[in-house]
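This report refers to the structure that appears directly beneath it.
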Amino acid sequence: MDATLTVAVRVKPGSARARVGGRFDGPHGPALVIAVNAPAVDGRATEAARRALAGALGVRPAVVSLRAGAASRDKLFLVEGPAPELTEALRRLRDGAAG
């Protein structure tokens, strides 16, 4: 089994309300949309997105790390030691009934 899950993310910094859900077809393939309150300054939006992703997947922020895209809205995050149900949770957030 894979020791890490790679998650493509499209970050929308400076949003009025933080939310995780929706799909954006970006350079890394189908990406999960994460809107964050933090501005795109000094990595603050990236850090907010990392924490929001961890919260949405129900994992500790410590197991989520940035793999690529530090200066881009299109990022790749790694989730260490993912449980099998995380893939399904991710798919639901990205493609499913996220309101």
Side-chain angles (χ1 to χ4, degrees):
M1 181 180 144
D2 239 349
T4 59
L5 172 68
T6 302
V7 182
V9 167
R10 171 72 169 197
V11 178
K12 294 185 172 179
S15 294
R17 69 185 186 106
R19 113 179 235 288
V20 177
R23 177 184 173 130
F24 177 84
D25 290 317
H28 304 298
L32 175 64
V33 177
I34 300 181
V36 296
N37 302 122
V41 179
D42 297 330
R44 281 158 57 190
T46 298
E47 175 59 14
R50 185 181 73 82
R51 291 182 170 277
L53 178 61
L57 294 177
V59 298
R60 296 186 340 266
V63 303
V64 179
S65 59
L66 181 69
R67 187 177 131 209
S72 169
R73 286 175 185 235
D74 297 300
K75 303 181 185 297
L76 286 176
F77 285 99
L78 291 179
V79 181
E80 291 176 42
E85 60 271 14
L86 278 192
T87 304
E88 178 60 23
L90 174 63
R91 191 193 62 73
R92 272 201 317 274
L93 285 166
R94 188 182 62 214
D95 303 329

Salt bridge (Lys or Arg N to Asp or Glu O under 4.0 Å): which pairs involve [range], sequence neighbours left out?
range          : value
residues 61-77 : Arg10-Asp74
residues 21-36 : Arg23-Asp25, Arg23-Asp95
residues 29-40 : none
residues 40-64 : Glu47-Arg50, Glu47-Arg51

Test side-chain contact (heavy atoms from CB on, under 4.5 Å) applied to Ala52 - qualifying residues, sequence neighbours left out: Val20, Ile34

Shortest non-hydrogen contact between [X] and [Y], atoms and distance:
X     : Y     : value
Pro39 : Pro13 : C-CB, 4.2 Å
Val36 : Ala49 : CG1-N, 3.7 Å
Ala35 : Ser15 : CB-OG, 3.4 Å
Ala45 : Ala40 : CB-CA, 4.0 Å
Ala3  : Pro82 : O-CD, 3.3 Å

Residues that, via side-chain heavy atoms closer than 4.5 angstrom, fall in one hydrophobic cluster with Leu76: none

Can you tell me how far apart [atom1] ([X]) and [atom2] ([Y]) are? Round to the nearest 0.5 Å.
X     : Y     : atom1 : atom2 : value
Asn37 : Lys12 : CG    : NZ    : 14.0 Å
Leu90 : Leu53 : CG    : CG    : 7.5 Å
Arg92 : Leu32 : CZ    : CG    : 12.5 Å

Verdict with supporting geometry, Phe77 and Thr46, side-chain contact (heavy atoms from CB on, under 4.5 Å): CA-CA 10 Å; Phe77 285 99; Thr46 298; 4.3 Å; yes

Same apolar cluster: Val9 and Leu86, side chain cutoff 4.5 Å: yes

Cluster check Val33, Leu66: I/L/V/M/F/W/Y, side chain < 4.5 angstrom: no

